[in-house]
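Shown next, in structure tokens, is the structure this report addresses.
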Amino acid sequence: VADRDLEVDARLESLRPIGLWLRDAARDIGLPYEVAFGLDLAVHEAVENVVRHGRRREGAPHRVRLGIRSDGQRVEVVITDDAPEFDPRSVPTPVAPQRIADVIPGGQGVHLMRQFTDEMHYRREGDRNVLTLVRVLAPRAGGA
Amino acid sequence: MKLETEELDGGVLMVRLSGRMDIAGVDAIAVPFAALAATDNRRVIVDLSGIDFMASLGIRAILQNARAQRMRGGALVLLAPPPLIEEVLRAAGVANVVPIVSDLEAALAAVDA
């Protein structure tokens, strides 16, 4: 079981360091490239949501804590933050545009999280959001 | 991220993007990328073969550019994304509205379609 943690400010500038942290962790755990890529994408979208939903006018930014662990069968990334309650599973799947003129910016983040993970769990714990993103370390049948 | 351009025969512009197309990456190329859509009737091939990561922000940047090209009478096609990048683009529905092709010949045909 590999286990690593990282805590950063909930800011867009934290996305790069989070990506590097995840890349290092994926290498240490020995995750296949495709699994590491999927988690990188899902984590990126999840943290971007925390930043956007948790913006405050003043004071220190919210904090995000990430942990990754694997037992060889599955790998999970747990993202904990103290931003206002937000369950990404409540975001509906966007309707795919059929014409370029109909393209509406945004709305794809949670959809991509679903597509590139096998399971997505959310719970509110006190004043924190706890989101768990899971990839099964075997051929993937479908999205979460 | 890096952005390089090359004028091909026939007035087609080749744009080679490389690197990590996350928020920082998109910020780094935002100005030259947006400038590509500042001319009328431009035909643009965006080579994605050097992209190793793409998040929704990157998808948004591509869709906005493609829409801007279309509004100015031009066209934009995506060339040779690596397999996982193509999976991201298709999952986001990009393939419905922007052609994704695997070789230059198909790209040249698509910008003239």
Side-chain angles (χ1 to χ4, degrees), chain A residues 8 10-23 26 31-52 88 91 93-117 135 140 142-144, chain B residues 1 19-28 30 33-34 37 42 44 46 48 51-78 81-100 110-111 113:
Chain A
V8 291
R11 301 153 55 97
L12 294 179
E13 292 77 7
S14 297
L15 286 165
R16 249 324 146 80
I18 289 171
L20 292 172
W21 167 81
L22 195 60
R23 192 180 64 186
L31 294 181
Y33 174 70
E34 187 227 340
V35 172
F37 179 95
L39 285 174
D40 194 359
L41 177 58
V43 167
H44 190 283
E45 302 299 338
V47 175
E48 190 192 329
N49 279 336
V50 170
V51 174
R52 296 194 191 283
V91 177
T93 299
V95 177
Q98 296 304 317
R99 296 185 316 143
I100 191 74
D102 298 336
V103 167
I104 305 161
Q108 291 293 346
V110 173
H111 178 59
L112 291 174
M113 288 164 64
R114 287 193 183 103
Q115 293 295 309
F116 284 83
T117 57
R135 281 288 295 247
R140 196 157 46 111
Chain B
M1 271 194 74
R20 188 174 164 89
M21 211 161 175
D22 57 4
I23 289 172
V26 170
D27 277 353
F33 195 56
R42 192 157 226 182
V44 178
V46 180
L48 297 176
I51 294 289
D52 49 28
F53 179 82
M54 185 178 292
S56 58
L57 252 281
I59 292 166
R60 209 171 303 171
I62 285 174
L63 287 175
Q64 283 169 349
N65 203 299
R67 184 166 62 175
Q69 300 288 0
R70 196 74 60 89
M71 284 173 158
R72 286 179 166 270
L76 181 148
V77 306
L78 301 175
L84 285 169
I85 302 299
E86 181 162 356
E87 199 180 326
V88 174
L89 291 166
R90 292 191 183 278
V94 172
N96 293 348
V97 291
V98 182
I100 302 174
V111 285

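Below, chains carry the letters A, B, ... as their sequence lines are ordered, and counting in each starts from 1.
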Is B:I100 close to B:P81 at the side-chain level, that is, under 4.5 Å between some pair of heavy atoms?
yes
Please name all residues satisfying side chain to side chain contact (heavy atoms under 4.5 Å, CB included) with B:R70, sequence neighbours left out, ordered by chain then number.
A:I100
With B:A34 via side chain to side chain contact (heavy atoms under 4.5 Å, CB included) - residues at least two apart:
none
Part of residues 38-45 of chain A lying next to chain B, heavy-atom separation under 4.5 Å
A:D40, A:L41, A:H44, A:E45
Answer with side chain, backbone, both or neither: which region of B:I59 has an atom nearer than 4.5 Å to a non-hydrogen atom of chain A?
side chain
Side chains of A:Q115 and A:Q108: closer than 4.5 Å at any heavy-atom pair?
no
How long is the span from the CE atom in B:M1 to the CE atom in B:M21, to the nearest 0.5 Å?
4.5 Å
A:A10 meets the side chain to side chain contact (heavy atoms under 4.5 Å, CB included) criterion, sequence neighbours left out, with A:V50, A:V51, A:H62, A:V64
Leading residue by heavy atom contact count with chain A [cutoff under 4.5 Å; candidates B:V94, B:D27, B:L57, B:D22]
B:D22
Please tell me if the side chains of B:V26 and B:F33 come closer than 4.5 Å, counting only heavy atoms from C-beta onward.
no
Given heavy-atom pairs under 4.5 angstrom as the criterion, report whether the side chain, backbone, both or neither of A:E48 touches chain B.
side chain
Let me know if B:M54 has heavy atoms under 4.5 Å from chain A in its side chain, its backbone, both or neither.
backbone
For the CD atom of A:E13 and the CD1 atom of A:I18, what is their distance to the nearest 0.5 Å?
11.0 Å
